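Supplied in structure tokens, the structure appears directly below.
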Amino acid sequence: GGPVDTVILGIEIARINVATVPASITVLAPAADAIAWSRDAATGDLFYTRPTYIPGLEPGRYNMPIADTVFRATSGGGTPVWGRPDMPGQVSGRVEGLAMGGGRMFVAYSWTELISDPPGSPPRLRTTSRIAEITAGVEATARLTRISFTADRWGRLAITGDGTALIAESILPAGRDLYRIGVTP
């Protein structure tokens, strides 16, 4: 996010040919506010995600991301392929990571919700996160073979060259770790 009075400039996803003098730049897609991107080497498709913001709850406060959409890059800007679902009681949420490989898409996303636990206690915020495979625009978590541990947030994702595992960044208050998560074919 950024302060309410800040203008965020868009970026362009481009191919740069450094073999020419001067280097030539070919814009593949405008991708305003892109925060994560991944290219599927098998298909050559480029995907990126960008957030949607709401104003801060108080004047002068930072904007909060409330929704994310994953786009397939096209010359016209991008075609939406998946949107982060709303969760009950959420106050914010965002896609944290994106990985493509062998025609498969994986996302890491989180959301913050207002909870009263135990019942009757003062409300507090809790962050929850999830890693999921997206197939035909639908979440299919059952294909992850090892996801029994938790993180405050899952961050960046990368898929291994052979497509059998994800490398996922776990973000906890005490620090960050990398995990290898198996994925079934």
Side-chain angles (χ1 to χ4, degrees), residues 1-3 6-18 23-55 62-87 90 92-112 127-141 143-144 147 151-163 165-171 176 178-179 181 183:
T6 298
V7 175
I8 300 175
L9 299 177
I11 64 168
E12 294 177 330
I13 298 173
R15 178 178 294 120
I16 301 172
N17 182 352
V18 295
S24 63
I25 300 173
T26 305
V27 174
L28 302 176
D33 300 340
I35 58 170
W37 50 88
S38 184
R39 182 176 177 272
D40 188 340
T43 65
D45 289 335
L46 182 65
F47 294 83
Y48 62 93
T49 183
R50 65 182 185 216
T52 301
Y53 293 94
I54 61 169
Y62 290 110
N63 294 343
M64 297 174 54
I66 57 164
D68 287 275
T69 302
V70 175
F71 295 87
R72 183 176 57 81
T74 62
S75 60
T79 303
V81 295
W82 179 78
R84 186 190 59 77
D86 288 336
M87 298 298 179
Q90 81 174 28
S92 68
R94 72 178 304 149
V95 173
E96 306 280 355
L98 173 65
M100 298 295 303
R104 298 173 77 178
M105 175 188 297
F106 295 90
V107 295
Y109 65 94
S110 65
W111 65 95
T112 302
T127 299
T128 307
S129 63
R130 180 176 292 161
I131 296 175
E133 180 173 8
I134 307 303
T135 306
V138 178
E139 185 175 322
T141 56
R143 295 178 71 182
L144 298 171
I147 193 78
D152 276 359
R153 286 187 6 245
W154 289 109
R156 296 180 183 111
L157 295 177
I159 193 162
T160 58
D162 63 3
L166 289 174
I167 306 301
E169 177 187 34
S170 165
I171 304 170
R176 296 172 185 240
L178 294 177
Y179 285 90
I181 303 168
V183 295

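The model shown is predicted, which means the values in this text are computed figures rather than measured ones.
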Are any non-hydrogen side-chain atoms of Leu166 and Val183 less than 4.5 angstrom apart?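 Leu166 vs Val183: side chains touch.
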
Taking only Lys NZ, Arg NE, NH1 and NH2, and the carboxylate oxygens of Asp or Glu, determine whether Arg156 and Glu96 approach each other closer than 4.0 Å.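 Answer for the salt bridge query: no.
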
Audit row: Tyr109, Arg130, side chain to side chain contact (heavy atoms under 4.5 Å, CB included) steps and yes/no: CA-CA 6 Å; Tyr109 65 94; Arg130 180 176 292 161; 3.1 Å; yes

Once rounded to the nearest 0.5 Å, what's the spacing between atom CG of Leu46 and atom OG of Ser38?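 Atom-to-atom, Leu46:CG and Ser38:OG are 8.0 Å apart.
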
Trace of the ring-ring contact (aromatic ring centres under 6.0 Å, His included) decision for Tyr179 with Trp154: CA-CA 10 Å; Tyr179 285 90; Trp154 289 109; 5.8 Å; yes

Working to the nearest 0.5 angstrom, can you tell me the gap between Ile159 CD1 and Met100 CE? 8.5 Å

State the CZ-OG1 distance between Phe71 and Thr49, to the nearest 0.5 angstrom. 7.5 Å

Any chance you could measure Arg84, atom CZ, to Ser110, atom OG, to the nearest 0.5 Å? 7.5 Å

Under a 4.5 Å cut-off applied to non-hydrogen side-chain atoms, are Glu133 and Arg104 in contact? yes

Evaluate side chain to side chain contact (heavy atoms under 4.5 Å, CB included) for Arg72 paired with Tyr48, printing each intermediate quantity in order. CA-CA 7 Å; Arg72 183 176 57 81; Tyr48 62 93; over 6 Å; no

Taking the six-membered ring for Trp and the single ring otherwise, decide whether the centroids of Trp82 and Phe47 are under 6.0 Å apart.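 No, they do not, as the ring centres are separated by 6.0 Å or more.
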
If you look at every heavy atom in Ile181 and Ile131, which pair is closest and at what distance?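 Heavy atoms only, the tightest pair is CD1-CD1, 3.6 Å.
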
So how far is it from Ile25 CD1 to Ile16 CD1, rounded to the nearest 0.5 Å? 5.0 Å

Begin with the C-alpha distance, continue with both residues' side-chain angles, and end with the deciding distance and a verdict on side chain to side chain contact (heavy atoms under 4.5 Å, CB included) for Val70 and Ile134. CA-CA 10 Å; Val70 175; Ile134 307 303; over 6 Å; no

Any donor-acceptor pair under 3.5 Å from Asp45 side chain to Asp40 backbone: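 Pair absent, no side-chain N/O of Asp45 close to backbone of Asp40.
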
Donor-acceptor contact below 3.5 Å, side chain Thr69 vs main chain Pro80: no

Spacing of CD1 belonging to Ile167 relative to CG belonging to Leu157, to within rounding of 0.5 Å: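 Answer rounded to 0.5 Å: 10.0 Å.
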
